[in-house]
Amino acid sequence: MSELILPTPMRIKPHGSDTIRDVTTLRDASEILIDWPQAKRGPFYQAAPVWVSNAASTFSRAAEAQEAFAALCSHAGVLVR
């Protein structure tokens, strides 16, 4: 997975954790998605890994991947604003 930096750093509080995690690269987002609880993998989850995986090639795709990842995190209530 690419170390491509996301256009805007994000902060999330993963499910079942009291720790806030900074997400600054596609690799960070990918690691979060791997650890995503099986029971919470709905339609938003299904789109996010595809965008993150496809984004490794260009910065413009990183912005699209970040949008999908942010939508998933927001929908799940783990995005820290």
Please tabulate, for side-chain N and O atoms in residues 10-22, each donor-acceptor pair with protein atoms closer than 3.5 Å (sequence neighbours left out).
residue: Arg11; atom: NE; partner: Asp22; partner atom: OD1; Å: 3.0
residue: Ser17; atom: OG; partner: Thr19; partner atom: N; Å: 3.0
residue: Arg21; atom: NH2; partner: Glu31; partner atom: OE1; Å: 2.7

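Here OG of Ser74 is found 8.0 Å from CZ of Phe44. Values are rounded to the nearest 0.5 Å. In this structure, CD on Glu64 lies 9.5 Å from CG on Asn54, to the nearest 0.5 angstrom.
Listed by chain and number, the hydrophobic cluster partners of Ile34 come to none, as no ILVMFWY side chain reaches under 4.5 Å of it. Through direct or relayed side-chain contacts under 4.5 Å between Ile, Leu, Val, Met, Phe, Trp and Tyr, Val50 connects to no other residue.
Residue pairs satisfying the salt bridge (Lys or Arg N to Asp or Glu O under 4.0 Å) criterion with at least one member in residues 35-50, sequence neighbours excluded, are absent. Residue pairs meeting the salt bridge (Lys or Arg N to Asp or Glu O under 4.0 Å) criterion with at least one partner in residues 71-81, sequence neighbours excluded, are absent.
What you find for Ala65 and Ala55 is that their closest heavy atoms are CB-CB, 3.6 Å. Taking each heavy atom of Ala62 and Leu6 in turn, the nearest pair found is O-CD2, 4.0 Å. The nearest pair of heavy atoms linking Ala29 to Val23 is N-CG1, 3.8 Å.
Counting only heavy atoms from C-beta outward, the side chains of Trp51 and Leu26 never approach each other to under 4.5 Å.
Between the side chain of Gln66 and the backbone N or O of Thr8 there is at least one donor-acceptor pair closer than 3.5 Å. Under a 3.5 Å cut-off, the side chain of Tyr45 and the backbone N or O of Leu33 do form a donor-acceptor pair.
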